[in-house]
Structures are given as structure tokens and as C-alpha cells.
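Data block below; observations after.
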Amino acid sequence: MKKGAVWILWALLLLTAGCGDKEDAGAETAEVSLSDIYAGMEEACGWEEGYMTGVEGELLEEYYPELCEIPVSHLIAQVPAMSSDVNEIVLVQCGTEEDAERAAEALQARIDRQLDGGAWYPETQAAWEGAEVLREGTCAALIASGAYQEDLEKQFRLRFS
């Protein structure tokens, strides 16, 4: 069942990646582009192309199992490709605020698992202690970054003001 949900989520991700944010997601966040938010985050942090990589398939299910159960209209999940730095960004847009709340809870579960033994080293543990789940309308975000936490949170919030 979970693998089927992962494939459906993956297919939705591919479809929305090619179509932009044309889905009818509600008045509050209809004009918000998760791709634009993420691009602003990359620029603010000075991440070069290839530094971050997408989380998909089995890894997506392993990191965010509860998220795979929620219908989403757009999902961006990125982690460093080859780094011990904590820079985990997940941006989710749902069709309803109720689903966005469920997505926020699923993202918080990821933080909780990292704090409960998933983050082994003191530096990574400290970064996960500062991680935040943010929610605006039908959008939710997980931001975990040792060096850029405040900048990344600011980039997310700027798009909703």
C-alpha cells in the first residue's frame, strides 16, 4: 500500500513539475510557487547547482512515511547530495488546509525522529534542534539547516506576506 502511495506521489511530482502551479489550491496560496520559494532559498544560501538533490522513491517513503499518505499538489524535498551539513528542505502544497495541517504533522514527525536518535553527531543534533515546520494556508515546509535556518525561514515567509 505504501509503495503504491509513493509511486502516486512520485507521478504527481512529475506532473506538477512540468505544469507549474496551475492547480486550484485555494485562494490563500493559489499564487504561491513552491519552485520560486525554493529558488529563492538556493540563491539566499549561495548553493551551487548540484549541491542539493531531490528526495524521491523509497528514500521519500523512508524519510517522510506519513507524508506519503497525504494528497499533495506540489512537493519539493531536497537534501545535500554529498555533505554532512544539515540542509533539509521540504515544501508541500496541498489542496486543503486540513491536508496541509496533516502534512505539517508529518514533517514534524521527521524532526522528532531525527532528535530521537536519527541525528548521531553533536553538530547534526544541534541543527535538528533548531529545525522548524512552518505552515501558511495550504502550504507546509520543513526547514532544517545548521548554517542558514533563519534565512531559509525568512525566504518561506516572504512569499506569503
For the [atom1] atom of [X] and the [atom2] atom of [Y], what is their distance to the nearest 0.5 Å?
X	Y	atom1	atom2	result
W128	S145	CH2	OG	10.5 Å
L134	L142	CG	CG	8.5 Å
I89	L34	CD1	CG	12.5 Å
I37	I76	CD1	CD1	8.0 Å
Y63	L107	OH	CG	14.0 Å
L152	C45	CG	SG	4.0 Å

Using the side-chain contact (heavy atoms from CB on, under 4.5 Å) rule, take L75 and V90 through it: C-alpha gap first, then chi angles, then the decisive distance, then the call. CA-CA 7 Å; L75 170 68; V90 181; 3.9 Å; yes
Just distance, no hydrogens or angles: give the donor-acceptor pairs under 3.5 Å from side chains in residues 154-161, sequence neighbours left out.
residue	atom	partner	partner atom	Å
R157	NH1	E153	OE1	3.2
R159	NH2	D36	O	3.3
S161	OG	R157	O	3.4
S161	OG	L158	O	3.2

Taking all heavy atoms of [X] and all of [Y], pick out the closest pair and write down the distance.
X	Y	value
A140	A103	CB-CB, 4.3 Å
Q125	Q114	OE1-O, 3.8 Å
E88	V79	CG-CG1, 3.6 Å
A100	R135	CB-NE, 3.4 Å
A81	G50	CB-O, 3.5 Å
I70	A106	CD1-CB, 4.4 Å

Please walk me through it: do R113 and E62 pass salt bridge (charged side-chain N to carboxylate O under 4.0 Å, His left out)? CA-CA 11 Å; R113 283 190 295 277; E62 181 182 328; over 6 Å; no
Go through the steps to decide whether L91 and M41 satisfy the test side-chain contact (heavy atoms from CB on, under 4.5 Å), and finish with yes or no. CA-CA 11 Å; L91 305 172; M41 290 175 164; 4.1 Å; yes
List the steps and the verdict of side-chain contact (heavy atoms from CB on, under 4.5 Å) for D99 and T138. CA-CA 7 Å; D99 284 341; T138 60; over 6 Å; no
State plainly whether the residues E105 and R110 are in salt-bridge range, i.e. N to O under 4.0 Å.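 Salt bridge flag = no for R110 with E105.
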Salt-bridge criterion met for E69 and R102 (N-O under 4.0 Å):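 No, this pair does not count.
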Could you check if a side-chain atom of P80 sits within less than 4.5 angstrom of a side-chain atom of T53, using non-hydrogen atoms only?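 Not touching, per the 4.5 Å side-chain cut-off.
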Once the angle between the rings of Y148 and W47 is folded into 0 to 90°, is it parallel (under 30°), tilted (30 to 60°) or perpendicular (over 60°)?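 Rings of Y148 and W47: perpendicular, over 60°.
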Scan for salt bridge (Lys or Arg N to Asp or Glu O under 4.0 Å) pairs involving residues 138-150, sequence neighbours excluded, and state none if there are none.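 Sorted result for residues 138-150: empty, none.
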side-chain contact (heavy atoms from CB on, under 4.5 Å) for C139 and H74? Distances and angles first, verdict last. CA-CA 9 Å; C139 293; H74 196 180; over 6 Å; no
